[in-house]
> 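Sharing a structure below in structure tokens format, with a few things to ask.
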Amino acid sequence: MATYTPAEIEARWQTAWDKAGIFTAKRDETKPKYYVLEMFPYPSGRIHMGHVRNYTMGDVIARYKMSTGHNVLHPMGWDAFGMPAENAAMAIGGHPKDWTYGNIKDMRGQMKPLGLSIDWSREFATCDPEYYGQQQALFLDFLEAGLIHRKNAQVNWDPVDMTVLANEQVIDGKGWRSGAEVEKRDLTQWFFKISDYAGELNEALQGLENWPAKVRLMQENWIGESRGLQFAFSTIDAPDGFDRVEVYTTRPDTLMGASFVGISPDHPLAKQLEKDNADLAAFNAECRKGGTTAAEIETAEKMGFDTGLRVRHPFDTDWELPVYVANFILMDYGTGAIFGCPAHDERDFEFATKYALPIISTYLPSEDADPKVTEAYVPAKTDKVFYNGGFAGEAWQTGNDAIAAAIDFCEGKGVGQGVTKYRLRDWGLSRQRYWGAPIPVVHCDTCGVVPEKKENLPVELPYDVEFDTPGNPLDRHPTWRDTPCPSCGKPAKRETDTMDTFVDSSWYFARFTSPRADTPTVAEDAAYWMNVDQYIGGIEHAILHLLYSRFFARAMQITGHLPESAIEPFDALFTQGMVTHECYTPEGGDEKRGPFFFPEEVDRDARVKKDTGEKIEIFSSVKMSKSKKNVVDPLGIIANYGADTARWFVLSDSPPERDVEWTASGAEAAYKHLNRVWNICDRIGAMDKDAAGKDDDALLKIMHKTIHDVTMGVESFGFNAAIAKLYAFTAALQKSKASHAAQREAVMTLAQLMAPMTPHLAEDIWAHQGGEGLVTTAPWPKADDKMLVDDTVTLPIQVNGKRRGEIEVPADMPKDEVEKIALASQAVQKALDGGQPKKVIVVPGRIVNVVV
RNA sequence: GCGGGUGUGGUGGAAUGGUAGACACACCAGACUUAAAAUCUGUUGGGCGAAUGCCCGUGGGGGUUCGAGUCCCCCCACCCGCACCA
């Protein structure tokens with residue numbers, strides 16, 4: 001008997017697919033197109049199980065769509081710019097470019113054995129000058145269209161290394177290399193005006209019906225639309241030019257509970273006042289220390305500084321409020337100034353308690369509540385509110401009404417106006433780093449900031465750079481910066497900032513439609529292939545990458561690079577879970593700190609380390625990471641079991657949107673199953689072709705049900721459920737005594753249904769059974785509706801919602817007859833005990849419930 | 001701090017508001033074998049019972065419903081994101 005030899009089978013079929021060229025996508029107006037895309041990988045140098053899972057899911061969709069008559073585009077590329085390449089250059093020497101391209105070569109070599117249906121002819125890396133040159137062209141077009149502007153922004157500054165740090169390089173407020181306390185610094189930087197599109201991006205979320213609701217919700221919260229009142233406090237004896245302090249509030253209904261005005265340490269007024277106030281200057285400097293992340297700012301202790309300045313309440317000019325500088329107020333949001341209402345805001349309450357400011361209640365939680373405020377009362381939007389002073393004579397039913405009514409009231413009194421604001425900030429794209437796409441502008445002493453001419457693109461990165469000192473090597477390069485001004489021709493300097501890598505990934509999906517063109521896109525190709533029909537990637541990209549891409553699609557449409565129909569570039573989105581694994585430490589080890597052992601170093605069942613016999617501890621499954629050593633190398637799995645086993649396993653055990661735990665026993669089981677399928681094929685091949693069988697119909701009935709269920713499963717990302725059905729079908733086939741013809745039909749259908757998941761094994765079975773051509777290009781099997789319906793159904797009988805028996809009835813029996821039979825059943829008779837049922841619910845084909 | 005998510009047997013998980021635990025792992029028993037491995041068959045949520053059966057059970061507590069793992073409210077635990085990581 002022959003045995004299943006995945007290594008040989010897989011290599012053979014991959015060669016066959018290559019020869020047939022079936023994955024090369026060409027425009028074909030006669031077929032419906034289908035564009036399936038997995039988020040492209042960062043070339044770290046090694047594929048991991050997360051990649052295997054992500055690309056296998058995309059491959060299942062791509063192969064399924066191919067067999068249902070679609071013209072499929074399924075490309076792959078590399079998100080190749082970014083810090084790790086520079087870090088590697090600094091840590092181990094070498095050059096980011098060499099490191100990156102070396103990694104790409106390695107990873108491509110590791111991905112090919114997976115047997116993915118990828119059109120490799122479209123492959124590119126974002127660090128290819130041919131790609132980022134087109135990106136620079138887009139930048140220039142966006143700039144001309146007014147979609148990009150320059151302004152100041154804060155960065156993390158390491159005062160010892162004299163360099164800008166990424167958030168992830170700031171650890172506990174200190175630089176990761178120098179250990180120096182990080183400062184916030186202002187730099188002039190480029191920004192995409194994404195905030196101009198906040199309203200539109202927010203509104204269009206509603207049309208993204210095939211996106212997960214949670215991603216839409218996360219984006220909605222991120223954009224953060226709010227309706228509020230913008231108004232000004234007039235100041236008393238303030239410096240020139242600061243007669244008023246503009247504030248924005250979403251809670252104008254609590255204006256009569258104001259007790260202080262707070263401004264950001266970066267507010268112009270704070271900066272003006274600190275000139276004559278050393279203590280305030282010191283306070284502001286303290287606030288500028290620490291990281292720039294939202295989490296750090298919001299969890300930092302609330303600190304304030306009384307500037308001594310006073311303002312007048314807009315509704316009572318005798319009422320004076322102090323102006324504090326406070327560390328929790330962001331200059332980027334609203335006007336950088338707020339009024340504090342401690343009675344109805346938890347943060348303001350904390351602040352007012354700390355600095356002994358008045359706490360004035362305007363609402364009470366109930367009519368007879370104690371008016372003495374011991375904690376902030378924040379009415380929910382739908383809460384009934386009980387008015388307690390404030391705007392005389394105004395009374396509102398709920399918190400929500402109160403806000404809208406307060407805006408009307410204030411506008412009527414000439415105090416400010418209602419405005420809609422967004423939390424979304426403009427997208428800063430400048431990075432003070434080498435390994436990114438150079439921003440194609442020139443700084444000229446005469447002409448100022450001048451865009452580079454398109455014919456001079458790409459502005460290529462110089463290769464001869466040094467990483468021995470921190471900071472941006474482009475700044476130190478002796479000649480690269482020198483260039484004639486594109487406007488006046490005099491000697492000028494290039495900008496040395498490069499683009500955020502999120503820019504690279506914000507349009508790559510469009511580039512795949514014409515990857516070699518000398519314009520960013522080609523109209524006919526973009527029109528044919530866009531949009532991405534199915535996009536697949538990690539939930540960690542739910543906000544930034546996906547929001548930036550949506551903005552880019554709009555910007556590219558405005559500048560003529562994408563058709564209007566591609567304004568939302570991803571028709572359907574699927575966010576898949578991670579691959580996790582147990583962690584192993586020595587006995588008494590720490591779950592978070594280790595030290596850790598690799599899975600192959602331990603004997604899991606004996607709970608010992610293999611070489612030393614040392615006892616080990618097993619900790620729960622978490623995301624695979626190098627630091628925890630809980631990684632399983634896909635290459636090892638492929639070498640031992642083959643790619644089909646790896647593919648089958650990552651699809652089988654968990655729903656795709658959830659995390660999947662990699663277990664050695666699970667992988668082993670997947671391998672055993674594929675062996676079983678192979679053996680069944682082998683057995684059927686050896687059968688007597690003419691021998692009579694029995695129960696052919698039963699086998700074919702299961703077959704058609706499986707076709708139906710697997711088709712539904714694949715269409716709805718229910719891969720794990722589809723695989724469960726395939727297990728059941730396999731078991732039925734294994735036990736079947738049906739005729740050769742029926743069994744052959746069954747095993748060939750099994751191969752077709754498995755083909756998207758385990759394509760190599762499926763091809764081999766198909767060929768063994770004499771199937772025509774490749775199973776990959778064979779049309780998807782169709783379930784025969786007649787075979788799906790059963791003549792009789794088993795209905796559970798419930799009494800008061802508890803299962804008490806069952807009846808078997810013809811599937812098409814009318815409701816009243818079912819009811820009769822149910823009532824006559826032993827279980828119901830017993831429960832009725834001679835009485836009458838109060839109510840009988842018959843759900844046809846489902847259940848009968850008798851209420852007694 | 002803010003935002004999002006998850007919670008079902010020993011384990012991963014299944015279940016358009018309609019028989020909770022499909023399918024798989026693990027365990028146990030059996031077949032085959034001199035033996036082991038491989039393979040095949042069967043059992044397996046907990047409790048009570050000789051038994052047709054009965055009671056309990058989807059993180060905890062309430063609610064809506066003829067019927068709730070599923071919908072609503074409150075609570076607990078864990079995970080993810082937070083704008084210069086990709």
Side-chain angles (χ1 to χ4, degrees), chain A residues 39-44 79 81-84 153-156 164-170 189 212 214-215 217-218 220-222 224 292-300 302 328 332 346-347 423-433 500-502 504-505 538-545 547-548 577-578 580 605 620-623 649 652-655 657-661 663 665-666 668-670 672-673 675-676 679 718 720-721 723-728 731 734-735 794-806 826 837-841 843 845-851:
Chain A
M39 291 180 186
F40 65 165
Y42 178 79
S44 60
D79 191 12
F81 275 135
M83 286 199 309
Q154 288 189 337
V155 295
N156 299 305
V164 176
L165 298 178
N167 279 340
E168 74 161 12
Q169 294 173 320
V170 180
Q189 305 196 55
K214 65 174 173 181
V215 174
L217 188 60
M218 283 163 84
E220 190 184 322
N221 288 330
W222 189 257
T292 58
T293 70
E296 278 182 87
I297 290 164
E298 298 201 18
T299 51
K302 310 286 173 279
F328 58 86
D332 293 321
E346 278 160 31
R347 191 170 56 186
R423 205 179 67 101
L424 181 66
R425 309 204 295 253
D426 275 340
W427 168 18
L429 67 112
S430 301
R431 298 289 182 270
Q432 297 70 42
R433 287 174 223 295
D500 179 8
T501 56
F502 273 116
D504 311 339
S505 55
I539 185 72
E540 67 273 21
H541 295 290
I543 296 173
L544 295 182
H545 163 58
L547 191 60
Y548 292 159
M578 298 177 301
T580 66
D605 297 328
S620 58
S621 223
V622 293
K623 180 181 180 174
F649 179 72
S652 68
D653 242 21
S654 276
E657 66 275 16
R658 250 196 268 174
D659 292 350
V660 64
E661 183 183 13
T663 58
S665 57
E668 181 78 23
K672 279 185 191 172
H673 179 74
N675 264 292
R676 204 173 299 143
N679 290 336
N720 56 326
I723 283 179
K725 303 290 183 186
L726 287 168
Y727 270 112
Q734 185 156 32
K735 284 176 209 165
T794 306
L795 292 183
I797 307 294
Q798 290 185 337
V799 176
N800 292 337
K802 285 188 193 294
R803 190 180 182 282
R804 282 293 180 266
E806 58 185 37
Q826 209 184 2
K838 282 193 191 128
K839 195 171 178 183
V840 181
I841 295 116
V843 184
R846 281 274 175 205
I847 206 163
V848 180
N849 190 13
V850 181
V851 185

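Naming convention: chains lettered A, B, ... in sequence-line order (proteins, then strands); numbering from 1 in each chain.
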> For B:rG1, which nucleotide in any strand shown is its Watson-Crick or wobble partner with both distances under 3.5 Å?
B:rC82
> Touch check for A:Ser430, heavy atoms < 4.0 angstrom, all strands: base, sugar-phosphate only, or nothing?
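Counting heavy atoms under 4.0 Å across all strands, the contact made by A:Ser430 includes a base.
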> Looking across every strand, which nucleic acid part, if any, lies under 4.0 Å from A:Gln734 by heavy atom: base, sugar-phosphate, or nothing?
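Since only primed, P, OP1 and OP2 atoms lie under 4.0 Å of A:Gln734, the category is sugar-phosphate.
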> For B:rA83, does OP1 or OP2 lie under 4.0 Å from any side-chain N or O of A:Arg431?
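Answer is no, no contact under 4.0 Å.
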> What nucleotide, of B:rG18, B:rA22, B:rA86, holds the atom closest to the side chain of A:Tyr42?
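Minimum distance to the A:Tyr42 side chain belongs to B:rA86.
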> Distance check: side-chain N/O of A:Arg423 vs OP1/OP2 of B:rC82, anything under 4.0 Å?
no
> Is there a side-chain contact between A:Arg433 and the phosphate of B:rC85, meaning an N or O under 4.0 Å from OP1 or OP2?
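No, outside the criterion.
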> Quick one: label A:Gly82 by what it contacts on the DNA or RNA (base, sugar-phosphate, nothing), any heavy atom closer than 4.0 Å.
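Result for A:Gly82 = sugar-phosphate.
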> Which one, B:rA14, B:rC54, B:rA86, comes nearest to the side chain of A:Met83?
B:rA86
> Should the pair A:Trp427 and A:Tyr548 be assigned to parallel (<30°), tilted (30 to 60°) or perpendicular (>60°) ring geometry?
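A:Trp427 vs A:Tyr548 ring planes: parallel.
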> Considering only B:rA20, B:rG3, B:rA14, which nucleotide approaches the side chain of A:Asn221 most closely?
B:rG3
> Any sub-3.5 Å donor-acceptor pair from A:Asn849's side-chain atoms to A:Gly801's backbone N or O?
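Looks like yes, one N/O pair under 3.5 Å.
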> Ignoring hydrogens and angles, answer whether the base of B:rC84 and the side-chain atoms of A:Gln432 contain a donor-acceptor pair closer than 3.5 Å.
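Side chain to base: pair present.
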> Nearest heavy atom decides the nucleotide; on that basis, is A:Gly801 or A:Thr794 closer to the 5' end of RNA chain B?
A:Thr794
> Considering just the side-chain nitrogens and oxygens of A:Asn720, establish if one lies under 4.0 Å of OP1 or OP2 belonging to B:rA14.
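Checking A:Asn720 against B:rA14: at least one side-chain N or O falls below 4.0 Å of OP1 or OP2.
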> Name the closest nucleotide to the A:Leu217 side chain, picking from B:rG5, B:rC40, B:rC66.
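The closest nucleotide is B:rG5.
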> Taking the minimum atom-to-atom distance to the side chain of A:Gln189, which one of B:rC25, B:rA14, B:rC84 wins?
B:rC84
> Measuring from the side chain of A:Asn849 (C-beta onward, heavy atoms only), which nucleotide among B:rA86, B:rG67, B:rA14 has the closest atom?
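Of all the options, the side chain of A:Asn849 is nearest to B:rG67.
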> How long is the span from the OH atom in A:Tyr727 to the CZ atom in A:Arg676, to the nearest 0.5 Å?
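Rounded to the nearest 0.5 Å, the OH-CZ separation comes out at 7.5 Å.
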> Would you say A:Lys214 reaches B:rG5's phosphate, i.e. side-chain N/O to OP1/OP2 under 4.0 Å?
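No, because none of the side-chain N or O atoms of A:Lys214 sits under 4.0 Å from OP1 or OP2 of B:rG5.
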> Is any side-chain N or O of A:Arg425 closer than 4.0 Å to OP1 or OP2 of B:rA83?
no
> OP1 or OP2 of B:rC25 less than 4.0 angstrom from a side-chain nitrogen or oxygen of A:Thr663, does that happen here?
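So the side-chain polar atoms of A:Thr663 never come under 4.0 Å of the phosphate oxygens OP1 or OP2 of B:rC25.
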> Would you tell me if any nitrogen or oxygen in the side chain of A:Arg846 comes within less than 4.0 Å of OP1 or OP2 on B:rU16?
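Checking A:Arg846 against B:rU16: no side-chain N or O falls below 4.0 Å of OP1 or OP2.
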> What interatomic distance, in whole Å, is found between C1' of B:rC72 and the corresponding atom of B:rU64?
7 Å
> OP1 or OP2 of B:rG13 versus the side-chain N and O atoms of A:Ser654: is any pair under 4.0 Å?
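Looking at the OP1 and OP2 atoms of B:rG13, one of them is under 4.0 Å from a side-chain N or O of A:Ser654.
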> Between A:Arg658 and B:rG7, is there a side-chain N or O to OP1/OP2 distance below 4.0 Å?
yes
